[in-house]
Amino acid sequence: MIQIRQLKLRPGHTARELKEKAAKALHVPPEEIAYLGVVRQSIDARKKPDVRLIYTVNVRLAGRKEKQLLAKCHDPDVGAAPENRYHFPGSGREILHGRPVIVGTGPAGLFCGYLLSQAGYRPLLLERGEDVESRTKRVQEFWEKGVLCPDSNVQFGEGGAGTFSDGKLNTLVKDRDGRNGEVLRIFVENGAPESIRYESRPHVGTDVLSRVVKNMRKKILSWGGEVRFGTKVTDLLLQDGRVCGVCCENGERIETDVVVLAIGHSARDTFFMLHEKGIPMEAKAFAVGFRVEHPQELINLSQYADKNPKHLPPASYKLTAKTAEGRGVYSFCMCPGGYVVNASSEEGRLAVNGMSYSGRDGKNANSAIVVSVTPEDYGAEGPLSGIAFQRKLEEKAFRAAGGAVPVQRYADYAQEAGQGGSRDAGREKKERFVPEDFSPAIKGAWQFADLRDILPPSVRRAFLQGMEAFDRIIPGFADDAVCLSGVESRTSSPVRIPRDESFQSQIRGLYPCGEGAGYAGGITSAAMDGMRIAEVLAARYETSGGNDGTVSE
């Protein structure tokens with residue numbers, strides 16, 4: 001197989017044109033290409049409006065010896081196609097007493113369970129929330145009527161918090177062992193479009209992701225695994241520095257040698273339980289801020305020089321800045337054509353997130369513009385101080401609009417910035433980029449309110465400095481009519497559960513995993529971490545274990 005890189009074509013090209021471009025790079029007739037597969041597709045908008053698509057493709061030739069052709073080729077963008085590197089280990093030799101128990105069915109727990117089930121380990125997945133179908137109805141009821149279920153909502157339930165998101169599948173995690181490609185392959189195998197395997201910024205949207213999650217669960221069950229919904233773990237059973245089981249809220253006691261903690265970044269009650277049990281934990285940095293909405297046409301214009309480009313997806317952006325005080329400000333979870341959603345999981349506290357459907361065809365673009373915060377900002381000490389910090393912000397957000405999502409125009413939020421803020425109050429904008437009647441696209445009740453007292457003063461100053469910096473990159477980004485909503489407080493876990501080189505906690509048999517444990521930052525990185533734990537367990541234990549470990553009380 002031959003790999004060709006840097007093939008450039010205009011958007012809207014045909015499959016024939018791509019084949020002809022590949023044939024030209026190899027100096028062969030198009031008819032000699034027996035197979036062409038896209039490995040990567042990205043968008044080059046550096047010379048907009050002359051936007052191009054850039055491809056990497058794998059090609060198999062008919063009737064030619066590919067090695068001989070490569071030996072004569074001196075094009076640095078043509079070479080042998082690398083082989084798929086992912087390999088799941090064979091089973092180890094230790095006896096596993098009881099099935100491996102996985103707490104949580106977000107991406108980390110789901111992928112860990114998927115690989116272990118496929119390998120014959122019959123894992124037991126425990127999920128406090130509901131299956132994705134029931135959970136979707138529950139979330140819709142919350143958005144329409146304001147009835148919150150603390151254990152099944154945007155944060156908790158099958159698929160984790162990512163189920164109600166844009167469904168982004170890109171990651172910055174280095175992938176030396178092919179896990180990233182395997183995550184995408186498994187997604188496609190379970191109903192995601194083939195294009196996610198080669199797009200530079202793949203996404204599936206909440207509608208497709210829900211279907212994928214359900215299909216993965218069905219596979220787990222068919223391979224002998226088990227998934228129990230509405231089953232919240234409330235205690236760990238420990239003995240002589242080892243885990244020996246879990247207790248559930250329903251009174252069930254499950255004995256096992258292995259517990260994978262894939263609890264997600266919002267399982268605050270579980271973090272407190274772990275702290276009381278003496279599990280080593282530490283506070284970590286994360287980021288807080290607001291969702292910022294713009295007309296999608298404005299973002300398209302800035303990225304493509306065209307408000308409504310043909311043959312191109314709704315445009316996205318990624319922005320970063322550093323403030324005068326040294327804080328990082330950046331865009332997070334950008335949702336083209338998406339919605340802001342009420343993502344609360346506790347009564348009397350309000351948090352927001354961004355979500356898109358697979359078509360990304362909403363009128364607004366939104367992104368979290370967030371400011372880095374560290375344990376020094378939390379106002380308290382201890383491993384759970386970040387949770388207390390989050391809760392204070394979310395309580396203020398809840399009070400700001402009486403439980404509805406509070407929204408404020410940027411011009412109003414930036415007022416009184418002279419008290420240490422960074423907005424150039426004297427700057428007159430020559431052009432209005434966002435209409436005065438611009439309205440937010442929000443899932444859940446919302447109303448205009450005052451957001452200025454939600455963030456601590458130093459974080460608010462940094463947010464304003466970041467917005468003004470981004471306005472110089474994307475004109476109109478800090479337009480007066482831009483809508484802010486908040487608070488965005490669940491960017492990542494405020495807690496890390498340390499693990500050693502064997503991926504275990506100081507408590508043997510306890511495997512902290514995924515975003516909640518502090519080892520991932522999105523769907524794909526969490527899935528990859530779940531795979532890593534599955535590999536470690538498979539390399540250590542035999543597939544044949546004891547009974548299911550369930551003991552009723």
Side-chain angles (χ1 to χ4, degrees), residues 136 139-146 153-155 161-168 203-210 289-303 307-309 313-317 319 331-344 350-370 397 400-413 432-449 451 467 470 474 476-491:
T136 299
V139 168
Q140 192 63 40
E141 181 182 19
F142 170 58
W143 288 339
E144 293 174 357
K145 301 178 181 179
N153 46 59
V154 173
Q155 306 293 345
T163 300
F164 295 96
S165 71
D166 183 57
K168 291 179 185 62
H203 88 107
V204 290
T206 183
D207 46 342
V208 173
L209 190 57
S210 296
F290 298 114
R291 279 276 148 184
V292 179
E293 290 186 76
H294 303 88
Q296 181 61 51
E297 289 184 349
L298 173 67
I299 306 304
N300 291 345
L301 185 65
S302 73
Q303 304 298 76
K307 288 184 177 181
N308 296 290
S316 62
Y317 57 79
L319 300 168
S331 60
F332 173 79
C333 187
M334 195 271 156
C335 298
Y339 300 84
V340 174
V341 302
N342 188 331
S344 305
L350 190 145
V352 295
N353 194 14
M355 183 188 85
S356 297
Y357 296 103
S358 56
R360 286 179 165 176
D361 53 4
K363 65 184 180 72
N364 290 358
N366 77 75
S367 176
I369 301 301
V370 293
V405 174
V407 178
Q408 189 169 29
R409 302 284 184 194
Y410 180 70
D412 296 329
Y413 183 79
R432 176 171 287 282
F433 293 88
V434 180
E436 290 185 37
D437 61 351
F438 175 66
S439 60
I442 296 179
K443 296 288 186 178
W446 66 272
Q447 69 179 53
F448 285 111
L451 305 179
M467 287 291 292
F470 300 154
I474 300 178
F477 199 88
D479 193 272
D480 287 351
V482 164
C483 290
L484 314 182
S485 55
V487 61
E488 179 87 24
S489 54
R490 312 282 183 95
T491 54

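Starting from 1, each residue takes its place in the sequence as its number.
- With D479 contributing its side chain and F433 its backbone, the two residues share a donor-acceptor pair below 3.5 Å.
- Side chain of N364 to main chain of S439: a donor-acceptor pair is present (N/O by atom type, distance under 3.5 Å, no hydrogens or angles).
- Here the options are E293, H294, R291, the test is side chain to side chain donor-acceptor pair (under 3.5 Å), and the partner is N366; only R291 passes.
- Rounded to the nearest 0.5 angstrom, N342 CG and I442 CD1 are separated by 9.0 Å.
- Without hydrogens or angle criteria, T206 side chain to Y357 main chain gives no donor-acceptor distance under 3.5 Å.
- Judged by distance alone, the side chain of S344 and the main-chain N or O of A351 form a donor-acceptor pair under 3.5 Å.
- In this structure, the side chains of K168 and C333 come closer than 4.5 Å at one or more pairs of heavy atoms.
- The side-chain heavy atoms of F164 and V139, taken from C-beta on, include a pair separated by under 4.5 Å.
- The closest side-chain heavy-atom distance from V154 to W143 is below 4.5 Å.
- Among all heavy-atom pairs drawn from T491 and F332, the shortest one is O-CZ, 3.3 Å.
- Inter-residue side-chain proximity for I369 and M467 is flagged as met; some heavy-atom pair is nearer than 4.5 Å.
- For the residue pair S210 and T163, the shortest heavy atom distance occurs at OG-CG2, 3.6 Å.
- At least one side-chain heavy atom of R409 sits under 4.5 Å from a side-chain heavy atom of C483.
- Heavy atoms only, all atoms of each residue included: G476 and V434 are closest at O-CG2, 4.2 Å.
- A distance below 6.0 Å separates the ring centres of Y317 and F477.
- Between D361 and Q296 there is no side-chain heavy-atom pair separated by less than 4.5 Å.
- To the nearest 0.5 Å, atoms OG (S316) and NE2 (H203) are separated by 9.5 Å.
- Legend: residues meeting side-chain contact (heavy atoms from CB on, under 4.5 Å) with S358, ordered by chain and number and at least two apart, are D207, V208.
- Once rounded to the nearest 0.5 Å, the distance linking CZ of F290 with OG of S367 reads 14.0 Å.
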From CA spacing to verdict: side chain to side chain contact (heavy atoms under 4.5 Å, CB included), M334, D166: CA-CA 8 Å; M334 195 271 156; D166 183 57; over 6 Å; no
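- Without hydrogens or angle criteria, E488 side chain to A368 main chain gives no donor-acceptor distance under 3.5 Å.
- Here K145 contributes atom NZ and Q140 contributes atom CD; the two are 10.5 Å apart, rounded to the nearest 0.5 Å.
- With hydrogens and angles disregarded, a donor-acceptor distance shorter than 3.5 Å links the side chain of Q155 to the backbone of A343.
- A distance of 9.5 Å separates CG in L298 from CD in Q303, rounded to the nearest 0.5 Å.
- When all heavy atoms of A400 and A449 are compared, the pair lying nearest together is O-CB, 3.3 Å.
- Taking OH from Y410 and CG from L484, the interatomic distance works out to 8.0 Å, rounded to the nearest 0.5 Å.
- Nearest heavy atoms, G486 versus V405: O-CG1, 4.5 Å.
- Listed for the S331 side chain is a donor-acceptor partner under 3.5 Å among the backbone atoms of L319.
- Atom NZ of K307 is surrounded by 12 or fewer heavy atoms from other residues, nucleotides or ligands within 6.0 Å.
- Of all the heavy atoms in Y339 and G362, the pair that sits closest is OH-CA, 4.4 Å.
- P314 is not listed as a side-chain neighbour of I299, based on a closest heavy-atom distance of 4.5 Å or more.
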